[in-house]
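What you see is a predicted model, and the numbers here were worked out from it, not measured in a lab. The figures here come from the full heavy-atom set of this structure, side chains too, leaving out hydrogens, waters and symmetry mates. The sequence lines fix the lettering, A, B, ..., with proteins before strands; numbering per chain opens at 1.
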Amino acid sequence: MDQIVSLRPLFAVLVSMLVIPILLSSAKRPNVREAWTFIAGLIKFGLVVSMLPAVLQGREFVFTLSTPFPGVPIALQVDSLGMLFALVASFLWIFTSLYSIGYMRGLDEHAQTRFFAFFALALSSTIGVAFSANLFTLYLFYEILSLCTYPLVVHHQDQKARISGRKYLAFILGTSVGLVLPGMLYCYHLAGTLDFTAAGILAGEASPPVLIFLFFVFLFGFAKAGIMPFHSWLPAAMVAPTPVSALLHAVAVVKVGVFSIVRVSTGIFGVDLLKSLALGPAVATVASITILLGSLIALSQDELKRRLAFSTVSQLSYIVLGIALLTPKGMLGGVLHIAMHAFGKITLFFCAGAIMVATGKKYISQMGGLGRIMPVTLGAFFIGSLSVIGLPPTGGFFSKWNLLLGAIAADQIVFAGVLLASSFLNAFYFLPIVFKGFFAAAPAGEAASGIQEAPMCCVVPLVITAGISIALFFYPHIFMN
Amino acid sequence: MMSAHYPALLILFPLLASFINAAFLWVDRRLCFPVAVLGMAGSLYCAGQLLVQVLAAGQVSYRFGGWAPPMGIELVIDELNILVLVIISAVALINLIASKRSIHAELGIKDATFYVIYLLFVTGILGVTATADLFNLYVLIEIASLASYALLAMGNQDRAPWASLNYVFLGVIGASFYLLGVGYIYIMTGSLNMGDVQGLLPPIMHSPAITVAFVFCLIGVWIKMALFPLHGWLPNAYTYAPVSASRVIAPLMTKVMIYVMIRIMLSVFGYAYVFEQLDLQKWIVLLASVAIMAGAFMALAQKDLKKMLVYIIVCEVGYMVGGAWLGNVQGMTGAILHIINDALMTFALFLVLGNILFMQRKVSFDDMQGLFSAMPWTMAGFVLAGVSIIGVPPTCGFFSKWYLLLGGIQAGAWVFVAALVLSSLVSAVLVFRVVENGFFPPEQAEHSGHAHHQPAVINEAPATMLGSLGLISAGLIGIGLWSGVLVQKVILPFVHQGMN
């Protein structure tokens with residue numbers, strides 16, 4: 001394959017890290033600080049986009065930083081899969097920054113400089129994961145991401161945040177140090193390399209039981225993907241300010257987990273090896289359990305953000321399921337779902353945060369009649385729900401459609417059933433919120449006030465992401481290539 | 001020609017500075033600090049020059065007074081010890097600069113005396129690292145040890161003298177074991193020069209006397225490096241010492257003794273004897289695994305930062321002993337790389353400790369609540385050094401852990417691998433317990449939920465202490481990213497030569 005040695009991937013990773021000193025030094029002037037966040041966001045997105053044409057032509061950007069171990073460099077490589085993820089993450093960062101301004105100022109949060117600084121660092125490591133050329137580089141950025149999101153999760157610095165922060169680190173760091181690190185070393189011991197290659201590196205290096213064991217070590221080790229039983233950090237992480245939940249715990253961090261699993265499946269093991277090990281159905285079963293249980297638990301949650309979190313747990317496993325089907329359609333559906341779910345779910349989180357800023361309401365039971373107060377927000381919530389459920393006219397339809405086709409092509413009708421059942425469950429836990437919001441009466445004792453939306457900084461991003469969810473229905477080809 | 005005398009000057013600079021300072025005690029105490037800095041800077045310069053020489057020409061050998069070994073005294077600087085020498089002289093110099101403010105606060109008028117003994121200690125460990133003579137090694141260990149007994153005893157006057165006395169007893173026992181071992185070697189070979197002994201040993205390798213000699217040397221060194229269960233002297237000695245002293249003794253003394261162990265294994269007795277004839281490595285790796293877990297869990301039981309760090313050292317000693325005894329190239333590489341990395345990591349952690357002690361006087365976990373807002377830079381240094389202890393890339397701790405784990409996997413030493421992974425998890429708990437305490441405001445001051453807007457009062461350590469920490473923190477990442485070069489250019493040539 002045609003490779004271009006270029007510093008561009010490195011700059012795309014580093015730009016949000018380099019802006020941190022400027023953010024810190026302009027702590028006293030919030031407007032200047034936020035301006036710099038936008039500048040960094042635009043440069044980052046611009047750099048990613050600038051590599052798009054060449055990647056679409058099938059070329060790859062590569063850059064090697066240093067070689068700490070023989071055969072294992074710290075290296076970046078931009079291919080189409082990484083490109084897709086980087087595009088989504090860096091694009092949504094710009095809108096999340098706008099939303100953060102409205103949210104953080106609307107709630108008069110403390111330590112905003114720290115918030116924006118660690119947010120920028122988190123984006124650096126996310127793009128780093130997307131552009132990693134080998135498992136070691138991926139692990140490096142994965143760990144940095146784990147650490148730099150901790151101050152964001154425990155932002156409120158109260159007792160609840162303390163407990164959630166512990167849970168967050170215990171799951172995320174415990175699995176990556178306890179499972180991924182030894183697994184990665186064992187891979188290196190077997191293959192002598194950790195590069196992602198189309199054919200995988202492990203074929204024929206060890207006996208099938210060992211390889212199967214190794215695969216499950218990775219599957220559960222990347223706990224950011226929220227596969228049960230390593231999912232409970234995600235609902236706990238909802239104590240974070242909503243922009244964090246929106247971008248990091250619906251898009252960046254969780255997708256990094258899934259992305260890592262995709263990379264290991266396709267680049268380390270390789271589809272052929274997974275087929276010969278007959279791992280598909282086993283992994284698909286693990287994913288299906290998470291899909292169904294996640295949806296069922298989401299039904300029972302009254303706190304809106306927690307319901308969204310369990311929905312995310314469930315939706316993430318769609319992507320894993322898509323990979324596990326080991327058919328081209330399934331893969332396409334899974335990878336598409338990285339993008340489609342991102343736009344849908346970030347809209348839902350933006351709405352949840354906007355409701356909190358405007359009315360202070362966190363619980364679904366309080367949200368009757370809300371549509372008369374916040375029609376725009378709830379309308380966007382409706383669109384986001386449709387996309388996550390997978391109904392037209394939203395982008396989510398295409399990823400689910402391909403997943404279904406993939407399941408049928410793989411002769412795995414059971415999993416097609418799982419997908420459909422979960423879609424029904426999704427509808428059951430999302431649509432009543434919208435329905436009651438528009439048609440039910442407001443809770444007793446609440447005076448009917450006029451339209452009272454959140455600040456513009458909050459509303460504009462969620463309208464845009466909702467709009468994009470619809471646009472993706474008509475132009476899904478942006479990601480399909 | 002100066003350049004031919006760097007090996008000797010490396011050791012003589014701090015020694016002379018120490019003597020000069022002893023004289024200045026009667027003239028003007030204020031002169032002691034600059035002289036000490038000059039002495040250490042000279043030493044660091046020599047170490048740097050020697051590094052260049054070793055990279056260019058391999059081994060550098062120096063004969064005192066021109067007497068040829070085995071009769072004369074020889075210093076040998078090769079790929080193994082040059083890194084240790086650079087680290088020792090750099091850490092000792094930086095600590096000296098960081099100590100200027102804190103040592104005066106801790107010891108008052110005795111600070112000048114401190115410099116004299118401190119320089120003697122550094123002379124001792126530099127000599128231990130550079131010498132190629134088994135008996136000189138003993139003498140220099142004793143110089144370093146005696147100096148460290150004195151330094152450690154200068155601390156908390158209720159406890160430090162007792163802790164130090166305890167250390168004296170065990171230290172003397174360790175030294176005696178080592179000396180006995182050397183005596184056996186001398187009886188059997190008639191030589192004390194390492195290279196010479198290595199040449200004389202193969203024909204008499206099967207003699208039980210040689211086994212006794214080796215085991216005695218090993219036990220002596222183990223006591224000095226505080227390998228579990230021979231670690232009893234270490235926790236109290238380091239805890240009650242003045243922090244300016246423990247800050248340099250804790251990272252360096254144990255590492256130097258690990259260097260001595262590797263030197264004796266590979267450059268005196270040799271691979272064939274240690275790994276092929278003696279059938280001990282399985283048991284020693286097991287012992288090291290136990291040491292790792294014991295150190296980790298004892299650290300977990302502590303309630304203040306100082307004691308926690310002290311037990312982390314006990315844990316890390318197990319890493320290096322285990323790696324060295326895996327009997328393969330990866331494990332040995334990991335052990336040697338970890339000498340460097342661990343010296344830097346623990347030094348960074350002790351610098352953090354020193355900063356906090358200097359500003360707050362207290363380091364129990366309860367007293368550290370909300371410390372991030374008061375000392376953000378110091379705590380940032382703690383986080384960096386802490387994740388290096390856990391082994392998170394790109395900090396240097398990850399890279400040596402990589403080799404150690406890989407060595408363990410290759411050797412099939414699964415207990416050791418499990419101990420490494422488990423202790424990493426335990427150190428994650430250790431580090432984040434402190435981070436959590438520092439990050440969250442003190443409980444009584446905690447307001448309901450968010451939005452406590454009172455501006456943080458920053459009360460950071462002086463620039464010299466903060467600068468030292470910054471320098472070492474940068475080193476943690478720098479050494480990490482460039483560890484590939486370090487391993488390829490310096491460590492592997494020695495390991496390949498020593499392990500066949």
Visitor: What's the shortest heavy-atom distance between B:Ala428 and A:Leu173, and which atoms?
Guide: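 Between these two residues, the closest heavy atoms are CB-CD2, 4.1 Å.
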Visitor: Relative to chain A, which segment of B:Phe432 carries a heavy atom at a distance below 4.5 Å: side chain, backbone, both, or neither?
Guide: side chain
Visitor: Could you check whether any side-chain heavy atom of A:Pro68 comes within less than 4.5 Å of a side-chain heavy atom of B:Val487, counting everything from C-beta outward?
Guide: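 They are not in side-chain contact.
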Visitor: So for B:Val383, is it side chain, backbone, both, or neither that comes closer than 4.5 Å to the heavy atoms of chain A?
Guide: neither
Visitor: Given a strict heavy-atom distance threshold of 4.5 Å, which part of A:Ser66 is in contact with chain B: side chain, backbone, both, or neither?
Guide: side chain
Visitor: Where on B:Trp402 is there a heavy atom nearer than 4.5 Å to chain A: the side chain, the backbone, both, or neither?
Guide: both
Visitor: Name the region of B:Tyr403, side chain, backbone, both or neither, that has any atom closer than 4.5 Å to a heavy atom of chain A.
Guide: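 For B:Tyr403, side-chain heavy atoms alone lie under 4.5 Å from chain A.
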Visitor: For A:Ala170, which atoms come within 4.5 Å of any heavy atom of chain B: side chain, backbone, both, or neither?
Guide: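 No part of A:Ala170 comes within 4.5 Å of chain B.
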Visitor: So for A:Pro151, is it side chain, backbone, both, or neither that comes closer than 4.5 Å to the heavy atoms of chain B?
Guide: both
Visitor: Identify which part of B:Gln488 has an atom lying under 4.5 Å from any heavy atom of chain A, answering side chain, backbone, both or neither.
Guide: side chain
Visitor: Within residues 128-143 of chain A, which positions have a heavy-atom distance to chain B below 4.5 Å?
Guide: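 So the qualifying residues are A:Phe136, A:Tyr139, A:Leu140, A:Glu143.
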Visitor: Hey, which of B:Val421, B:Leu422, B:Leu406 has the most heavy atom pairs under 4.5 Å with chain A?
Guide: B:Leu406
Visitor: Please look at B:Val392 and chain A and tell me whether the side chain, the backbone, both or neither of the residue comes under 4.5 angstrom of a heavy atom of that chain.
Guide: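 Just the side chain, heavy atoms under 4.5 Å.
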Visitor: Can you tell me how far CZ of B:Phe439 sits from CZ of A:Arg114, rounded to the nearest 0.5 angstrom?
Guide: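 A:Arg114 atom CZ to B:Phe439 atom CZ measures 3.5 Å (nearest 0.5 Å).
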Visitor: Shortest non-hydrogen contact from B:Pro394 to A:Ile144?
Guide: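 Shortest heavy-atom separation between B:Pro394 and A:Ile144 comes out as CD-CD1, 4.2 Å.
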Visitor: Sub-4.5 Å heavy-atom contacts with chain B: which residues of residues 180-187 of chain A show up?
Guide: A:Leu181, A:Pro182, A:Met184, A:Leu185, A:Tyr186
Visitor: Counting only heavy atoms from other residues, nucleotides and ligands, does the tally under 6.0 Å from CD of B:Glu436 exceed 12?
Guide: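 Check passes, neighbour count above 12.
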